[in-house]
Peer 1: 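Starting off with a structure, shown below.
Proteins get letters first, then strands, A, B, ... in listed order; numbering begins at 1 in each. In this text the structure is predicted, and so the values were computed from the model without any measurement.
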Amino acid sequence: MKKRVGVFVCQCGTNIEATIDTEKVAEYARKLPGVVYATTYKYMCSDPGQELIRNAISEHQLEQIVVASCSPRMHENTFRKAVVGGGLNGYMFEMVNIREQDSWVHHERVAATKKAEDLVRMGVSKVLRNKPLQVSTIPITKRALVIGGGIAGMQAALDIAEAGHQVVLVEREASIGGKMTQLDKTFPTMDCAA
Amino acid sequence: MVAVAQHPNIELVTYAEVSKISGYIGNFQVQIKKKAKYVDWDACTGCGLCTEKCPTKKLKDEFDLGMGLRPAIHKLFPQAVPGKPYIDAGNCRKLTEDKCGVCEKICPVGAIRFDDQDQYLDYEIGAIVMATGYDLFGWEEAYGEYGYGKYPDVISGLHFERLVSAGGPTQGHIRRPSDGKEPKQVAFIKCVGSRDDTKGKSYCSRACCMYTAKHAYQVKTKIEDSEAYVFYMDVRTAGKNYEEFYQRALNEGATFIRGRVSKIYPKGDKLVLKSEDTLIGRPIEVEVDMVVLATAMVPSQGSLELAKTIGFSTDKDGWYQEAHPKLQPVETFSAGVYLAGACQGPKDIPDSVAQASAAAVKVCGLFSKSELATEPMVSEVDMGKCSGCALCVPICPYNAISLKEIQERGGHGHGPFTRMVAEVNSSLCQGCGACIPACRTAALNLKGYTDEQLVSEVDALCL
Amino acid sequence: MSIDQEKWEPKVIVFACNWCSYAAADLAGLNHLEYPADVRIIRTPCSGRMDPMLVLRAFNRGADGVLLSG
């Protein structure tokens, strides 16, 4: 596997940019071993941002991608899809969290930028050791279990059943209906609950 | 309710509890315990003769919160779905003392089964919707100033619902529990247990402002020459047509007083409430016939154990934790398990219904595919390194590792031989990596989080 | 050996479980709760993945503190 890492630093409007000098982070990234391309963009998760990643992959023959932006719990899948769209295996990608765990929790610009550089360096170091992974599939049993037969459980069960799927509705009491059956008229329309 | 019972795609299992859940998204194995009802519901026609003739009649009716009476064999309430009775085993004379048996003699279709046992049913399930709802905060333990539940005419909002309901113990006539008199002055206290860090919960229960406005409205419209006093901290009417409804209660003549009630004490057959009116800055006292407390919603009993069984988390108050407060409000951290209604946090009916439909869409979305792509970041075994010591097998919390026999060619004077190595079931493996530190020969690795990758991160950081 | 308190920049490595502590660190961010910028978080799929080897490696390479959280 060739080592051709592309680093994409997101500014997230001003969410990141206000505390972290993203240009400086990108410039730092360019000097890291294996990195052949680094850039910043205002909103990396937006359509043009993803397009930027896809184009850079083909333009610079990138093999590994690092995106420094928000938490991977937020947009890991978004960027993984963009990486796949660029023709790479989706797991040749690492995300670096410089928003939730950097720009949002620190105020001192120099220290926050230094931390972002460290995090990018770690991300680049890791991605160089990533291997393409293949997604496998598992079967799905098309029967839902709804636990609780109150208004929420009944509504969910009906909606799923109406869509044509089997539903098992379990209720602790001897009747469905839940708390709602104990209510008289209900606000704001004063219609009957049961 | 009837629509649920009659739907051909819905199997209704009532008087039952989930006893075991294992597996993973798309492939859960669920065991449901059907509690003994002592009535064969397939045979029973729901005629109600047994309920009528049962001699053990004077049991407190839980559905009416102890304000009404019921027999030992009964339906939960007259319009119950399914409309069949069951025997409350703890109070049935036949089941406790082997006497009576009247229902068995009288049942025209012979549906009574005194030898009924708990049954266990097994299901293959693809997705789970949690809709376990809420219970009411036990104010009797916490609020001494309101009498610890000693005064019979200090009741909860749900009691009031039963009193005002046409199907309730008073046929919808508002009568106070102590002497059955119609109360002329009724006080309502909001935020009992809600928004009270010291005695109750820190959160707002969201529905109480509105139902209290409704109760005050009902007192004013159903009882002639009545007074409804509502003691509030704030009035929160964030919902479509909610503010208008609150205005309706005000227009009907309900008196809203901004202040916390500090004490309730009896005086003759009246109750005196001491409070202050913070808008005029004066202490006040009000004499009333009945007090209704808007008690906080708390997670339903047993919901925590259920969450543990399935393996997803709850928040600091025990409500089921959604995967993201804004972007994944119906998902949990367990794939294939979704949330509907008040189990996730206090909700009123419109919000519960909306969330239930959202959960249903998530389930339907999952079921629209024939197979599901799995996360490839799972453990793998390097068979060349594995010694077959099996230390990893008991460590795996998902039972994803087992031993298998492999053939070796041999060499160096040995013939072919077989030996055991670990094998990871990639569908069961959730990629936690707990097996890896246990492996003495470094044969196990977690794809995406290999030793090499993590060490490289540490090294890059420490430069 | 003395440490100049003014200039000393401690290296603290946190190994955080993706499902709880890493999410909690995100939540801290969401609420803009400030903490010292010397902390570097390494995401692990679960604290069960933690190998004592990684802790020793971190100290060996000069980390001043290691926090395992999960």
Peer 1: Looking at every heavy atom in both A:R73 and C:N18, which two are closest together, and how far apart are they?
Peer 2: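 Residues A:R73 and C:N18, closest heavy atoms: NH1-O, 2.7 Å.
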
Peer 1: Tell me, do A:L119 and C:I41 make a side-chain contact under 4.5 Å, heavy atoms counted?
Peer 2: no

Peer 1: Hey, what's the ring geometry for C:H32 with A:W104, parallel, tilted or perpendicular (30° and 60° as the breaks)?
Peer 2: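 Plane angle between 30° and 60°, so tilted.
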
Peer 1: Mind listing the closest non-hydrogen atom pair of C:A25 and A:Q101 along with its distance?
Peer 2: CB-NE2, 3.5 Å

Peer 1: Would you find a donor on one side and an acceptor on the other, under 3.5 Å apart, between the side chain of A:K115 and the backbone of C:D38?
Peer 2: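 Checked: no pair found.
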
Peer 1: Between C:R43 and A:E76, is there a side-chain N and carboxylate O pair less than 4.0 Å apart?
Peer 2: yes

Peer 1: On a heavy-atom basis, which atom in A:V105 and which in C:E34 lie closest, and how many Å separate them?
Peer 2: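 Closest approach of A:V105 to C:E34: O-CG, 2.9 Å.
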
Peer 1: I'd like to know whether CD of C:E9 has more than 12 heavy-atom contacts from other residues, nucleotides or ligands below 6.0 angstrom.
Peer 2: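 Count not over threshold, so no.
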
Peer 1: Would you find more than 12 non-hydrogen atoms of other residues, nucleotides or ligands less than 6.0 Å from C:K11 atom NZ?
Peer 2: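 For C:K11, atom NZ is crowded (more than 12 foreign heavy atoms under 6.0 Å).
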
Peer 1: I need the C:I13 CD1 to A:M122 CE distance, nearest 0.5 Å.
Peer 2: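 Rounded to the nearest 0.5 Å, the CD1-CE separation comes out at 7.0 Å.
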
Peer 1: For the residue pair C:P36 and A:H106, what are the closest heavy atoms and their distance?
Peer 2: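 Closest approach of C:P36 to A:H106, heavy atoms only: O-CE1, 3.4 Å.
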
Peer 1: Which of these, C:L27, C:N31, C:D26, sits in a side chain to side chain contact (heavy atoms under 4.5 Å, CB included) with A:E100?
Peer 2: C:D26

